[in-house]
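A short write-up of the structure that comes next.
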There are 4 protein chains.
Amino acid sequence: MNSHQDGSVAQPDSLVNADRPKSLRVDAQRNRARILDAAHAVFAAEGLSVRIEEIARHAGVGIGTVYRNFPTKELLFEAVIHRYQQKLVEEAESLLDFDDPGEAFFQYISRVIEEGAANKALTAAVSGTEIDMKAVATGISDQLLDVLSKLLECAQQSGSVRADIGAEQVKALIVGTLLAMEQSAGQADRSVVIVSVICDGLRARPD
Amino acid sequence: MNSHQDGSVAQPDSLVNADRPKSLRVDAQRNRARILDAAHAVFAAEGLSVRIEEIARHAGVGIGTVYRNFPTKELLFEAVIHRYQQKLVEEAESLLDFDDPGEAFFQYISRVIEEGAANKALTAAVSGTEIDMKAVATGISDQLLDVLSKLLECAQQSGSVRADIGAEQVKALIVGTLLAMEQSAGQADRSVVIVSVICDGLRARPD
Amino acid sequence: MNSHQDGSVAQPDSLVNADRPKSLRVDAQRNRARILDAAHAVFAAEGLSVRIEEIARHAGVGIGTVYRNFPTKELLFEAVIHRYQQKLVEEAESLLDFDDPGEAFFQYISRVIEEGAANKALTAAVSGTEIDMKAVATGISDQLLDVLSKLLECAQQSGSVRADIGAEQVKALIVGTLLAMEQSAGQADRSVVIVSVICDGLRARPD
Amino acid sequence: MNSHQDGSVAQPDSLVNADRPKSLRVDAQRNRARILDAAHAVFAAEGLSVRIEEIARHAGVGIGTVYRNFPTKELLFEAVIHRYQQKLVEEAESLLDFDDPGEAFFQYISRVIEEGAANKALTAAVSGTEIDMKAVATGISDQLLDVLSKLLECAQQSGSVRADIGAEQVKALIVGTLLAMEQSAGQADRSVVIVSVICDGLRARPD
DNA sequence: AATGAATGAGGTTTCATTCAT
DNA sequence: GATGAATGAAACCTCATTCAT
């Protein structure tokens with residue numbers, strides 16, 4: 001449905017507008033997006049323990065503005081995760097129509113990991129690392145689990161992926177790899193080997 | 001309930017003393033050991049964010065005593081982790097004498113993962129997660145890398161492990177799995193499959 | 001639900017205007033009245049600690065409009081209370097013409113208590129409770145004292161009220177009752193007995 | 001049972017002590033008492049909205065110490081009320097053995113009010129004025145209500161107090177009067193008349 | 001040497017008030 | 001004139017660390 005979520009999506013204003021009636025809200029949306037971006041960056045760089053004030057400063061707004069948009073640090077974190085996961089889910093959906101289900105599955109894993117390796121930032125959020133906010137992260141990643149399940153099932157039925165593994169474990173492998181990469185900065189280029197290991201390990205054995 | 005928890009061992013020192021000549025120092029040593037045990041258990045169970053007071057209570061001593069022995073929370077964590085390092089190294093060394101270097105390598109990976117799966121402290125240390133204490137974490141991380149390198153090289157020379165991977169990447173796989181497991185608590189039993197995937201993926205291909 | 005709540009009355013102004021010559025000013029006045037009504041209702045129900053935003057919402061206007069009309073929370077409160085003062089004075093004056101000065105006095109006490117029983121704003125104003133806005137409260141408090149004095153003197157001269165009491169003490173009795181009632185919400189109906197006790201106690205003794 | 005409550009009660013230490021084993025706790029108790037005293041004074045003077053820091057400063061301790069003793073502002077308030085009510089309850093109990101139940105009842109009212117008039121400070125607390133913390137105050141005053149009920153029932157059975165009133169209303173009258181007196185500083189001397197009014201109003205009518 | 005009470009900087013969150021649109 | 005987003009001072013509370021006993 002191409003719904004308007006959190007991030008800054010195309011404003012249909014410019015299409016229909018003769019006059020400029022609701023210009024205020026544009027600023028607010030820009031601020032909201034800025035805050036999300038800042039939170040994304042700062043959480044990634046410093047961990048979940050950063051002060052909200054730090055995020056506000058990075059976003060160029062006052063503390064109060066952060067709280068107007070996200071009444072709780074936890075909710076801000078949730079929103080950041082949500083935005084990130086959206087990407088992952090969308091990519092998975094685009095692969096569901098693929099001819100070869102095995103190829104779709106392996107491509108998905110590769111893409112997500114390689115993208116995450118470059119992105120680095122939010123993997124911590126996706127995984128729910130760092131105590132306290134685990135509940136949030138857990139709840140949210142259900143969506144990711146759903147699409148993963150579909151891809152996995154198809155791939156397993158087509159005989160390209162070992163049958164003794166579930167979506168939970170595949171997610172663990174992905175998330176784990178993303179997390180691991182976040183630690184070792186600057187080695188993103190070697191992610192190819194890791195992806196290869198994981199994919200090989202997931203492949204169904206001929207015998 | 002005053003039992004020795006995780007990995008620590010009883011000091012036989014106290015058995016031999018009939019009279020009380022330097023009992024003070026013995027007491028102090030006992031306290032130090034108790035604090036380490038408690039820290040071990042509590043860090044493992046709750047993560048690095050526990051209050052020092054909690055550890056003191058578990059150890060059955062006052063906060064002050066904890067601070068006399070470990071002037072900083074970070075130093076206490078360091079001491080706890082130090083014991084892991086030794087375990088890791090010892091396990092690796094005992095495996096180096098193994099007949100089958102491939103088997104040794106795979107066993108090591110399995111052990112480290114299974115051990116760390118239920119241990120937040122170890123995961124934090126190995127992965128370097130949870131800011132602040134990075135220095136400490138780096139130490140153990142490097143140790144793991146060292147022993148891993150040795151085991152890996154042997155296994156690769158024996159032809160059981162694919163040649164296109166380095167110790168860094170193997171470590172990333174281990175760390176990733178540990179981090180991933182931390183979030184899905186209670187499902188540690190399924191870690192077997194994940195370990196299996198990783199090991200299969202690491203195995204050298206016949207062709 | 002856009003009904004006129006507590007004590008405010010509809011402005012018949014707006015009925016006469018067919019054309020829209022100075023409609024702006026009329027709108028502004030309507031807004032001011034609505035804000036006062038809302039403040040009245042909300043202050044009475046929730047006490048002085050409500051957020052300005054809450055009042056604005058009840059009034060159906062933006063926060064900014066509240067502030068344009070009443071530059072300070074305190075001034076808004078003052079304006080709300082001002083209406084009470086007038087009511088108090090008017091009621092007292094209408095009772096001064098009464099035949100029986102004793103009856104007038106007792107009726108006044110009853111009315112003030114019953115009216116204030118369900119009205120936190122009035123109680124706060126009369127009693128001077130809830131710091132900060134003391135200046136305001138002093139104003140209404142003094143007004144009450146004035147009218148009370150007149151009614152009391154007449155009643156004492158007519159021999160229906162004991163001579164050994166002053167307006168200050170009568171006010172204390174009223175305020176006390178109001179404050180006491182504020183805590184036992186929902187039992188306002190029993191205020192009748194309390195009023196009865198106070199009136200009986202104030203009555204002049206036959207001997 | 002002369003139990004050890006909150007305030008500073010006689011330390012039995014000085015009776016039995018040969019050596020001085022538990023001297024530390026004495027300091028802590030002194031601090032706790034100091035904090036309660038400070039809270040008492042500051043709450044009374046400035047209302048419930050004072051910062052905890054202010055109370056800490058008055059008590060001559062750090063904020064943390066206040067929070068160690070009373071983990072919440074609400075709990076501190078509760079403790080202050082509790083200490084105050086204890087006095088009221090004890091006095092009521094001492095009057096229960098009186099010969100003349102009517103006299104006992106009226107004396108109680110007089111005493112409590114006159115004492116409160118001099119004390120001034122905590123009446124606000126007893127009554128639960130000032131929004132937020134009402135729940136606390138309400139729950140606590142049950143004890144007071146109990147003893148009051150007993151005194152009242154006896155007095156009503158002996159025919160000295162009007163039958164149409166309940167303990168709740170009597171409490172309201174007492175509390176109300178105390179609250180009212182708190183407002184008008186320096187007029188405590190006139191409390192006699194008010195007490196007289198209330199007692200007269202409560203007396204059973206001859207007809 | 002051991003204890004745990006005290007400390008206070010630092011973090012989250014609220015809300016009266018301002019100001020750009 | 002109206003709007004409501006933005007602001008930031010100030011309040012509450014936590015917890016690593018110190019220090020008197």
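Chain naming here is simple, since letters A, B, ... match the order of the sequence lines and numbering starts at 1 in each.
Separating the CD atom of A:Glu53 from the C1' atom of E:dG10 is a distance of 10 Å, rounded to the nearest angstrom. A straight line from CG of C:Leu75 to C1' of E:dA16 spans 13 Å, rounded to a whole angstrom. One interatomic measurement links the two molecules: CZ of A:Arg57 to C1' of F:dA6, which rounds to 17 Å at whole-angstrom precision. Straight-line distance from the CG atom of C:Leu76 to the C1' atom of E:dT17: 14 Å, rounded to whole Å. E:dT12 atom P lies 14 Å from atom CZ of A:Phe77, rounded to whole Å. One interatomic measurement links the two molecules: CD1 of C:Ile55 to C1' of E:dT17, which rounds to 14 Å at whole-angstrom precision. With rounding to whole Å, C:Lys73 atom NZ is found 8 Å from E:dC15 atom C1'. Atom-to-atom, CZ of D:Phe70 to P of F:dC12 comes out at 16 Å; the value is rounded to the nearest Å.
When each of B:Asn69 and D:Gly62 is assigned the nucleotide of DNA chain E bearing its nearest heavy atom, the one mapping closer to the 5' terminus is B:Asn69. Nearer the 5' end of DNA chain F, as judged by each residue's closest nucleotide, is the contact made by A:Thr65, out of D:Val50 and A:Thr65. Each of A:Gly64 and B:Ile52 lies near DNA chain F, and the nucleotide nearest A:Gly64 is the one positioned closer to the 5' end.
Taking CG from A:Asn69 and CZ from A:Arg34, the interatomic distance works out to 12.0 Å, rounded to the nearest 0.5 Å. Distance NZ/D:Lys73 to OH/D:Tyr67: 7.5 Å, rounded to 0.5 Å.
Contact annotation: D:Asn31 side-chain N/O to E:dA5 OP1/OP2 distance is not under 4.0 Å.
Comparing E:dA2, F:dT7, E:dT12 against the side chain of A:Val61 picks out F:dT7 as the nearest. Comparing atom distances between the C:Ala28 side chain and each of F:dG4, F:dC12, F:dA2 picks out F:dA2 as nearest. With E:dT13, F:dC12, F:dT17 as the candidates, the nucleotide lying closest to the side chain of A:Thr72 is E:dT13. With distances taken from any side-chain atom of D:Asp27 to the nucleotides F:dG1, E:dT12, F:dT21, the minimum falls on F:dT21. When distances are taken from the side chain of A:Arg68 to each of E:dT14, F:dT18, F:dA5, the shortest belongs to F:dA5.
For A:Val66 against A:Ala56, the heavy-atom pair with the smallest separation is CG2-CB, 3.7 Å. Scanning all heavy atoms of the two residues, the minimum distance from C:Leu36 to C:Ala79 falls at CD2-CB, 3.7 Å. Nearest heavy-atom pair, B:Leu76 versus B:Ala39, reported as atom, atom and distance to 0.1 Å: CD1-CB, 3.9 Å.
Using a 4.0 Å cut-off between charged nitrogen and carboxylate oxygen, A:Arg30 and A:Asp37 do not count as a salt-bridge pair.
Residue B:Arg51 is classed as a sugar-phosphate contact, given heavy-atom separations below 4.0 Å to backbone atoms only. Note on A:Ile63: a base of the nucleic acid sits closer than 4.0 angstrom, heavy atoms only.
You'll find the side chain of A:His58 reaches within 4.5 Å of the side chain of A:Glu54, heavy atoms only. Counting only heavy atoms from C-beta outward, the side chains of D:Ile35 and D:Arg32 never approach each other to under 4.5 Å.
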Intra- and interstrand pairs of DNA chain E - dot-bracket, Watson-Crick/G-U under 3.5 Å, | marks other strand: .||||||||||||||||||||
